[in-house]
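The block underneath contains the structure these notes are about, expressed in structure tokens.
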Amino acid sequence: AGSKQQLTLATTTCVGTSSPSELAELVPFVALSEMAQEPADLLLHVGDIVYNDGALTAEDYAASWGAQLSQAGYRELLASTSWFMSWDDHEVTDNYDPETIDPARFAIAQDAFFSHVARRRDEASRVWTSHQWGDTATIVVTDLRSERKPSPLGTPAAEFVSPAQLEFIKTTLANSTAHFKIVFSSVNMTAMPGAWMTPLSLNDRWSGYAAQRTELLQFIKDSDIKNVWFIAGDIHMGFVGRIDRPGDADDGAFDNMWELPVGPGASDVNPLGLLYEDGLSIDTILPEDQFVFGHGRSQVATKLILDPGTDTIRAIYTDVLTDEV
């Protein structure tokens with residue numbers, strides 16, 4: 001407590017794929033090995049630690065986790081530092097719906113998760129939690145998958161997180177004495193431009209659950225909580241951008257909050273990310289008045305350097321296939 005040292009975070013997400021042939025081209029996850037070469041103070045894994053699509057039994061899940069974590073990239077990175085992690089969908093199965101998934105299958109997947117990650121399991125098996133690193137950073141770990149209630153999507157009744165988790169996030173941010181408040185979650189807080197607005201994507205981002213999104217952001221604004229940063233995964237590309245485009249319907253209320261999606265550690269690239277890399281439709285994919293940086297690369301080592309002394313966050317994205325930074 002009281003310490004405000006510089007903090008270096010290794011960050012990753014989306015390590016793997018459902019396709020065995022594509023996975024063979026991605027192993028042994030060199031981006032993870034790259035991050036291990038200069039150990040960070042902490043690893044934040046934003047989800048899709050492993051791709052368990054197709055697993056049904058406890059043996060299936062154990063085999064999938066074992067094959068993934070035995071790769072050199074994971075072995076080296078996890079040996080180099082400690083980690084906080086959330087989960088996304090592939091720890092269970094691709095794009096699963098918490099309201100309709102077989103409860104027995106979900107229970108098996110949940111047991112496998114807690115059997116293979118380095119964290120305690122409480123009585124409620126909650127993934128969401130928080131940690132404070134001196135007075136440099138409060139790190140809020142969210143669960144944006146297992147508590148969803150998407151059936152009333154498009155109405156105020158739709159829930160991205162449980163009321164208990166939403167209250168926990170708000171209270172943790174309000175009570176933090178840290179300079180930076182890092183909220184990391186598997187999917188985006190950013191209101192993405194029109195090219196990204198599909199029915200599937202709305203089910204998969206905070207924007208599709210507008211009532212809860214507005215409640216959280218309005219609370220941060222009304223409580224005058226400074227230096228709240230969102231870190232996300234899932235989208236299979238990286239960017240640095242404002243969570244809302246200036247001039248949007250909220251009249252600029254949230255224009256000065258930022259999000260940094262990270263990775264992918266080793267996976268396929270979002271098709272819109274490929275178009276962005278080719279210089280096509282820049283203004284509709286990542287318009288310059290909202291985004292200051294973007295990439296569409298497949299194996300990326302991402303580090304964030306938090307410096308409370310200078311009030312800066314430096315985001316370093318390295319394409320390990322080309323060594324471009």
Side-chain angles (χ1 to χ4, degrees), residues 8-40 42-53 64-81 83-91 94 117 184-188 231-241 259-280 285-286 291 293-305 314-325:
T8 299
L9 304 175
T11 54
T12 195
T13 183
C14 302
V15 182
T17 176
S18 301
S19 166
S21 60
E22 293 178 7
L23 182 61
E25 298 178 3
L26 296 171
V27 294
F29 308 143
V30 293
L32 307 190
S33 296
E34 175 80 13
M35 286 189 284
Q37 296 307 306
E38 297 179 10
L42 185 67
L43 165 66
L44 304 186
H45 202 308
V46 192
D48 290 337
I49 303 169
V50 58
Y51 281 63
N52 291 328
D53 308 337
S64 181
W65 275 97
Q68 188 87 341
L69 296 183
S70 67
Q71 295 297 327
Y74 264 125
R75 291 170 63 88
E76 293 168 11
L77 180 58
L78 296 182
S80 72
T81 189
W83 64 323
F84 299 153
M85 77 297 295
S86 184
W87 61 1
D88 196 31
D89 54 337
H90 292 285
E91 286 84 358
D94 188 23
V117 299
F184 87 79
S185 53
S186 58
V187 295
N188 292 105
I231 300 175
D234 184 69
I235 200 169
H236 288 233
M237 63 180 296
F239 63 71
V240 178
E259 183 168 62
L260 297 86
V262 302
S267 198
D268 55 317
V269 178
N270 190 301
L272 291 178
L274 292 175
L275 291 176
Y276 182 80
E277 288 288 341
D278 288 340
L280 303 175
I285 298 175
L286 297 180
F291 300 92
F293 170 78
H295 78 74
R297 308 297 178 95
S298 63
Q299 298 191 56
V300 179
T302 313
K303 282 194 175 181
L304 307 177
I305 302 174
R314 178 185 295 273
I316 303 170
Y317 297 84
T318 303
D319 182 338
V320 298
L321 301 182
T322 65
D323 290 330
E324 291 176 85
V325 178

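What you see is a predicted model; the values in this text were computed from it and never measured. Any value given below was found using the heavy atoms of this structure, including those in side chains, with hydrogens, waters and symmetry copies removed. Residues: numbered from 1 along the sequence shown.
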With distance as the sole criterion, is a donor-acceptor pair present between the side chains of Ser19 and Thr17 under 3.5 Å? no
Look at the side chain of [X] and the backbone N and O of [Y], then say whether any donor-acceptor pair between them is shorter than 3.5 Å.
| X | Y | answer |
| --- | --- | --- |
| Gln71 | Val27 | no |
| Ser267 | Val15 | no |
| Thr13 | Gly47 | yes |
| Gln37 | Ser33 | yes |

Rounded to the nearest 0.5 Å, what's the gap from [atom1] on [X] to [atom2] on [Y]? Could you check?
| X | Y | atom1 | atom2 | result |
| --- | --- | --- | --- | --- |
| Leu274 | Arg297 | CG | CZ | 10.5 Å |
| Glu91 | Ser86 | CD | OG | 7.5 Å |
| Leu42 | Phe84 | CG | CZ | 5.0 Å |
| Thr318 | His295 | OG1 | NE2 | 9.5 Å |
| Leu9 | Leu44 | CG | CG | 5.0 Å |
| Gln68 | Asp48 | CD | CG | 10.0 Å |

Heavy-atom closest contact ([X] atom, [Y] atom, distance):
| X | Y | value |
| --- | --- | --- |
| Asn188 | Glu259 | ND2-OE1, 3.1 Å |
| Asp88 | Ser186 | OD1-OG, 2.9 Å |
| Ala31 | Gly265 | CB-O, 3.4 Å |
| His236 | Pro264 | C-CD, 3.8 Å |
| Met237 | Leu286 | CE-CD1, 3.8 Å |
| Ser80 | Pro39 | O-CB, 3.7 Å |

Could you walk me through whether Thr302 and Leu260 pass the side chain to side chain contact (heavy atoms under 4.5 Å, CB included) test, one step at a time? CA-CA 10 Å; Thr302 313; Leu260 297 86; over 6 Å; no
Counting only heavy atoms from other residues, nucleotides and ligands, does the tally under 6.0 Å from CD of Glu38 exceed 12? no
What residues, two or more places apart in sequence or in another chain, satisfy side-chain contact (heavy atoms from CB on, under 4.5 Å) together with Thr81? Leu43
Pair Trp83-Leu77, side chain to side chain contact (heavy atoms under 4.5 Å, CB included): steps then yes or no: CA-CA 10 Å; Trp83 64 323; Leu77 180 58; over 6 Å; no
Any idea how Tyr74 and Phe29 line up, ring-wise: parallel (<30°), tilted (30 to 60°), or perpendicular (>60°)? perpendicular
On the 0 to 90° scale, with breaks at 30° and 60°, tag the Tyr51-His90 ring pair as parallel, tilted or perpendicular. parallel
Side chains of [X] and [Y], heavy atoms from C-beta outward: is any pair under 4.5 Å?
| X | Y | answer |
| --- | --- | --- |
| Leu32 | Glu76 | no |
| Ile316 | Val325 | yes |
| Thr8 | Lys303 | yes |
| Trp65 | Asn52 | yes |

Please identify each residue that fulfils salt bridge (Lys or Arg N to Asp or Glu O under 4.0 Å) with Asp94, with sequence neighbours left out. none
Can you confirm whether or not the ring centre of Tyr276 sits under 6.0 Å from the ring centre of Phe239? no
Just one of Val46, Val300, Thr12 clears the side-chain contact (heavy atoms from CB on, under 4.5 Å) bar with Val262, so which one? Val46
